[in-house]
2 protein chains.
Amino acid sequence: MAARTGGQGGKQPTINDVAALAGVSKKTVSRVINRSEFISEKTRLAVQKAIETLGFVPNPQARALAFRRNFLIALLHDNPNAQTVLNFQQGVLDAIKDSDLALLVRPVDRGSDKMLEDVRTFLEKQRPIGAMLLPPISENDELARLCEDLGVRYVRVGSALLDDAKHCVSSNDREVVGEAVRRLIALGHRRIGFVRGPVGFRSAAEREKGFREALAEAGLTLADDHYAPGNYRYTAGIEAGEKLLSLAEPPTAIFCSNDEMAAGVMSVAHGKGIAVPGELSLIGFDDSPTATHIWPTLSTVRWPIREMGVRAARTLVADFLGSGARIPEGESPVLASTFVERQSVAAPDGKG
Amino acid sequence: MAARTGGQGGKQPTINDVAALAGVSKKTVSRVINRSEFISEKTRLAVQKAIETLGFVPNPQARALAFRRNFLIALLHDNPNAQTVLNFQQGVLDAIKDSDLALLVRPVDRGSDKMLEDVRTFLEKQRPIGAMLLPPISENDELARLCEDLGVRYVRVGSALLDDAKHCVSSNDREVVGEAVRRLIALGHRRIGFVRGPVGFRSAAEREKGFREALAEAGLTLADDHYAPGNYRYTAGIEAGEKLLSLAEPPTAIFCSNDEMAAGVMSVAHGKGIAVPGELSLIGFDDSPTATHIWPTLSTVRWPIREMGVRAARTLVADFLGSGARIPEGESPVLASTFVERQSVAAPDGKG
DNA sequence: CTTGCTTTTGACACCGGTGTCTTTTAGACG
DNA sequence: CGTCTAAAAGACACCGGTGTCAAAAGCAAG
């Protein structure tokens, strides 16, 4: 009448129990667990049966110790956008689902001057096989060097190539921003405003580049008073909106470097009685939940964040993930973002 | 010229290295690490110095093995609201910051019929000390029983007491919804609509109860056509808005069971040219980022999710967290939500 | 039936810590 | 100064796996 399936006294069965039941040595059981090739079919089946009977699950701590390597990968982020983090995380979990790996999630405090030290302590204690760095901390070169020094593999996720392909997953934001802007131009917009992301962020710089390039292609330039600084926060969008929409000749369209700021600009437009998209077209970036939760719904750029999670995990630990996870030699680490057109974009009113 | 601080050949120093350097046995080092009381001050200092010199960090896997217990806690969630998950997670991390514990985050797929099995596999493999269950899966009794069976401590987070205090952290949503509704009534609203959360969700039921109770207190009742079903999604808000705002006598205020649905209702109002808050007051629930990213900003109920994370972690593993983490005997596991009033609420126009 | 080789399997040490029990040391006391 | 006791430190097994290398088994050829 033992309450538990196997083992004794409510404890988990160990490799020794399995070995005893199957009538082999524990090393043989170990070979079965690790799919060693030097084992006869007959023995393998016997051991597998014993494993099933007992409901044996190898102790990951013991394996980690014996292998001198544990089966953890870490996700480091300081991302203000929760949805992004969770989507990426989901992609990583998709990728490691059938492996022995587990995921450790670690938010880091970018502001803190102890950040590097904190991360070092974390990595030294947990000793993950590898770490994935989400933007914006992925842009921190010291962090990458720290991983290198500690012998922890790493992958940096970014809006542009931050490192060599082995250490990098990114999306083609610049191009897609260009596409979005070309769409505005095609609709007849000529006065197009720009709200920038925070200084020092690579992603912000990329988006600005994409914006300016598309303008230049069309022979347009960005007027100084059509440019507003920002920091990816809603309040910055409010400020930018106040600035750009108070002009004597306000822009007929504004590209905002993320959705939150676009939402801020949109609030200002509503407050001023400016019709969106009739009098003002708006485009954001991220395709965050906000983009579809505001009215009118926001045209934006969606980056394939979940897929990037899968890719990052594979780049990091393909050798742990079974054959399907191999990334073909020389394949680009750049995944495709897409421009998503919604209600907030239309041809400009009046003179087109 | 060794590249690394301590150890040999780039490897981490072990307890043996420390013991050798300090001239004591490894057991003595172990005693220092674990703050054993049977150790002389002199020895402790010597060992501590050796630890510092070598930069020794105990191997968590080895400790886990020797202790027959690892130092992981798990966070299980299937939460559609990323911000909530991340905030809660942050609270947990605050709580375990100075401990040896690490956090494993595990999204689960509620829809899947293999859900329980997946979780079982996860728990058996990782063997965390405890698990925290976020709503809505925290409402699943089978899951709680599974934890119990596996000897994994657990804490269920919910909008109401789901279990005894030892296994529960919640907030007083019902009361605060009542407070919000009383505010509407005080402003003069009499026709108040309600958009419900998904059937089968405890949180949805609590919010509805709070709503109806407050109405009843004031001698009002919820007219059938002022009630709309929902599922916490934006699209349900759209549908609810279409329904409620097409009435001959539409409500002058609507309580929505979460912010996303409120955003949906607000979109419909904008589309119909109904002024918010002039002609329609709106209240949501969650205080999600959306609440401040829409225009006008949304009055809502904020639940202390980060603090709940701290509390959940303490409830789960106070004995691992140092003296500050003790929860006084008999202290209620109910934390306080608050009503946050923003722009979306005002006295009704015209007849008040 | 040996021999010689390859394939399978096992014995035993080891990964880096902790538990138990024993031995040593230090201090109190007669 | 010897004795007794409590505190401190150490020896050694052990947690549950894997690596190494030697031994056993299987098989073809002599």
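Proteins get letters first, then strands, A, B, ... in listed order; numbering begins at 1 in each. For the numbers below, each heavy atom of this structure counts, side chains included, while hydrogens, waters and symmetry mates do not.
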- Is L103(B) close to L72(B) at the side-chain level, that is, under 4.5 Å between some pair of heavy atoms? no
- Message: At less than 3.5 Å, do the side-chain atoms of K27(A) and the base atoms of dG17(D) form a donor-acceptor pair?
- Response: no
- Note on the structure: Rounded to whole Å, the CG-P distance (N70(B) to dG16(C)) equals 19 Å
- Task: Grab the CG-P distance between D17(A) and dG16(D) for me, whole Å please.
- Result: 9 Å
- In whole angstroms, how far is the C1' atom of dG17(C) from the CD1 atom of I51(B)? 13 Å
- Rounded to whole Å, the CZ-C1' distance (F71(B) to dG17(C)) equals 11 Å
- Quick one: L65(A) CG to dG19(D) C1', roughly how many Å, whole number? 13 Å
- Query: Do any side-chain nitrogens or oxygens of N34(A) fall under 4.0 Å of OP1 or OP2 in dT18(D)?
  - Reply: yes
- 5' priority, DNA chain D, between R68(B) and E37(B) [closest heavy atom]: E37(B)
- Message: Looking at the base of dG16(C), is there any donor atom on it, or on the side chain of K26(B), that sits under 3.5 Å from an acceptor on the other one?
- Response: no
- Item | Under 3.5 Å: donor-acceptor pair, side chain of N87(A), backbone of T84(A) | no
- Closest nucleotide among dG10(D), dT18(D), dA8(D) to the V24(B) side chain: dG10(D)
- To the nearest Å, how far apart are F38(A) CZ and dA24(D) C1'? 16 Å
- Message: Both T28(A) and I33(B) contact DNA chain C. Taking the nearest nucleotide for each, which residue is further toward the 5' end?
- Response: T28(A)
- Message: Looking at R63(A), I'd like to know whether one of its side-chain N or O atoms comes within less than 4.0 Å of OP1 or OP2 on dG16(D).
- Response: no
- Query: Using a cut-off of less than 4.0 Å, is there contact between a side-chain N or O of T14(B) and OP1 or OP2 of dC15(C)?
  - Reply: no
- Message: Any side-chain to backbone donor/acceptor pair from N59(A) onto Q61(A)? Under 3.5 Å, distance only.
- Response: yes
- Query: What's the CD1-P distance between I15(B) and dC12(D), to the nearest Å?
  - Reply: 17 Å
- Item | Atom-to-atom span, CD of Q61(B) to C1' of dG16(C) - whole angstrom | 10 Å
- Query: Within less than 4.0 Å of OP1 or OP2 of dT18(D), is there a side-chain N or O belonging to S30(A)?
  - Reply: yes
- Task: Answer yes or no: does a side-chain N or O of S25(B) lie under 4.0 Å from OP1 or OP2 of dG10(D)?
- Result: yes
- Query: Checking only heavy atoms, does the side chain of R31(B) share a donor-acceptor pair with the base of dG19(C) at less than 3.5 Å?
  - Reply: no
- Check the angle between the aromatic planes of F320(B) and F71(B) and answer parallel, tilted or perpendicular using the 30° and 60° thresholds. perpendicular
- Query: Got a sec: does the CZ of R110(A) have more than 12 other heavy atoms crowding it under 6.0 Å?
  - Reply: yes
